[in-house]
Q: 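Can you read through this structure? Questions will come right after.
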Amino acid sequence: MTARHWKVLAVNPHPEATFEHEHEALGPLGVELQRITPRDDAELIAAARDADVVVAMRYRLRPDVIARLDRCRLLPSGGIGVDHIDLPAAAAKGILVTNMADTFVEEVANHAWMLLLMAARHGVWLHEMVVTNRWREGQDQIYPILRKPMPRVTGQVLGLVPFGRIPRAMAKRGHGFGMTCIAYDPYVSAEVFAEHGVESASLDEVCRRADIVSCHLPHSPETHRMIGEAQFAAMKPSALFISTGRGKVVDEAALIRALREKRIAGAGLDVLEDEPPDPSNPLLSMPNVTLSPHMASASDVGAVERRRLMGRQIAAVLQGQVPIGVVNPAVLPSWQERWTPVGAR
Ligand SMILES: NC(=O)c1ccc[n+]([C@@H]2O[C@H](COP(=O)([O-])OP(=O)(O)OC[C@H]3O[C@@H](n4cnc5c(N)ncnc54)[C@H](O)[C@@H]3O)[C@@H](O)[C@H]2O)c1
């Protein structure tokens, strides 16, 4: 197959995306990303059934769409989460799925730490006191009366759920702030916990002991609403809940009840169950909640690295090579059988 036959389709790209960084690796192969903003799945299938690669960063790839991608070798996620791509359907079709691995771990940990400090030190409220000419009121509420409890953070317990790459970067920050770090992750070995100076604990223990619970769970059928009524009930009334993994791993109604009934003290959330949220979502008007619009991974450097890496992943598969960042390695034997030239296997 010659280069001019390769079709790489970007679904719903940002209108201003130019793909210049993806093209650093793709240009020499004579490949240009084509863009499509489909009205529905039928339109996507019509355009993508002969595509070699389908990049769907802002589009949910359902099983019936993936089942029709007859020439597709790769579905790059463009992020760390792959929950917008149906993995069983990709496996059934023998298509590799890649993610950005550790490209923006530091950004997400920094952002989670910002939410943590904003929640602990009432950042949004304090800013409002200044810009609405209530400087003294802000001071009075914090200093003499302490109507708004303000934890020191240093010396407290940071509870991490689970203990993947981003929570490990959180633990580094936690240690820097003089915190004790504990984490729940049944899939991580005792050696990894020890190497990072973090104590392994059950989910219940993390919720009970932590002053700040930071949730970084990927979304899957197994983790769906894993943090719910029982977990919020176990937390301290002074606890802060930070979430930058996926919104759907949290039972949001249970979180709202816990915040309303002051069974926990506050939250910092980059991810919500529905994104963007309905304007009537109570979390949007709670004074003890700090929000950001699912952008913890953003940074000037990371945005470029992410695009370069995706270009390299696509260029690799078009040449029959295994890309970095494969999240479904079980597909590899049949994939190589089909796409890797015999001499190069
Ligand atoms: N807000 C953002 O902008 C943003 C950016 C990047 C990543 N994320 C999210 O953060 C998640 C975590 O990223 P990461 O780099 O730390 O991922 P990772 O792949 O390094 O770690 C995931 C961890 O989840 C654990 N896990 C999986 N299923 C579990 C279960 N049922 N119970 C307990 N633990 C379980 C695994 O053992 C693993 O350690 C991503 O999957 C993504 O959804 C969000």
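As the structure is a computational prediction, the values presented were derived from the model and not from experiment. Every number for a ligand or one of its atoms is a count from 1 in the order of the listing.
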Q: Note every protein N or O atom lying under 3.5 Å from an N or O atom of ligand 1, pairing the names and giving the distance.
A:
| from | atom 1 | to | atom 2 | distance (Å) |
| --- | --- | --- | --- | --- |
| ligand 1 | 1 (N) | T244 | O | 3.0 |
| ligand 1 | 1 (N) | D270 | OD2 | 2.8 |
| ligand 1 | 3 (O) | A296 | N | 3.4 |
| ligand 1 | 3 (O) | S297 | N | 3.4 |
| ligand 1 | 16 (O) | R165 | N | 3.2 |
| ligand 1 | 16 (O) | I166 | N | 3.0 |
| ligand 1 | 20 (O) | R165 | N | 2.9 |
| ligand 1 | 20 (O) | R165 | NE | 3.1 |
| ligand 1 | 31 (N) | E222 | OE1 | 3.3 |
| ligand 1 | 31 (N) | E222 | OE2 | 3.3 |
| ligand 1 | 37 (O) | D185 | OD1 | 2.8 |
| ligand 1 | 37 (O) | D185 | OD2 | 3.2 |
| ligand 1 | 39 (O) | D185 | OD2 | 2.7 |
| ligand 1 | 43 (O) | R246 | NH1 | 3.3 |

Q: Do S297 and R306 get their side chains close enough for a donor-acceptor pair, meaning under 3.5 Å?
A: yes
Q: Minimum heavy-atom separation for W6 and R71, please, with both atom names.
A: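 W6 and R71 have their closest heavy atoms at CA-NH2, 4.4 Å.
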Q: Can you tell me which residue pairs pass the side-chain hydrogen bond (donor to acceptor under 3.5 Å, both in side chains) test with a partner in residues 183-192, sequence neighbours excluded?
A: Y187-E222, S189-E191
Q: Would you call D251 and E229 a side-chain contact if the rule is heavy atoms closer than 4.5 Å?
A: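 Of all side-chain heavy-atom pairs linking E229 with D251, none is under 4.5 Å.
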Q: Between I264 and N288, is there a side-chain heavy-atom distance shorter than 4.5 Å?
A: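 They are not in side-chain contact.
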Q: Measuring from Q141:CD to Q139:CD, what's the distance to the nearest 0.5 Å?
A: 12.0 Å
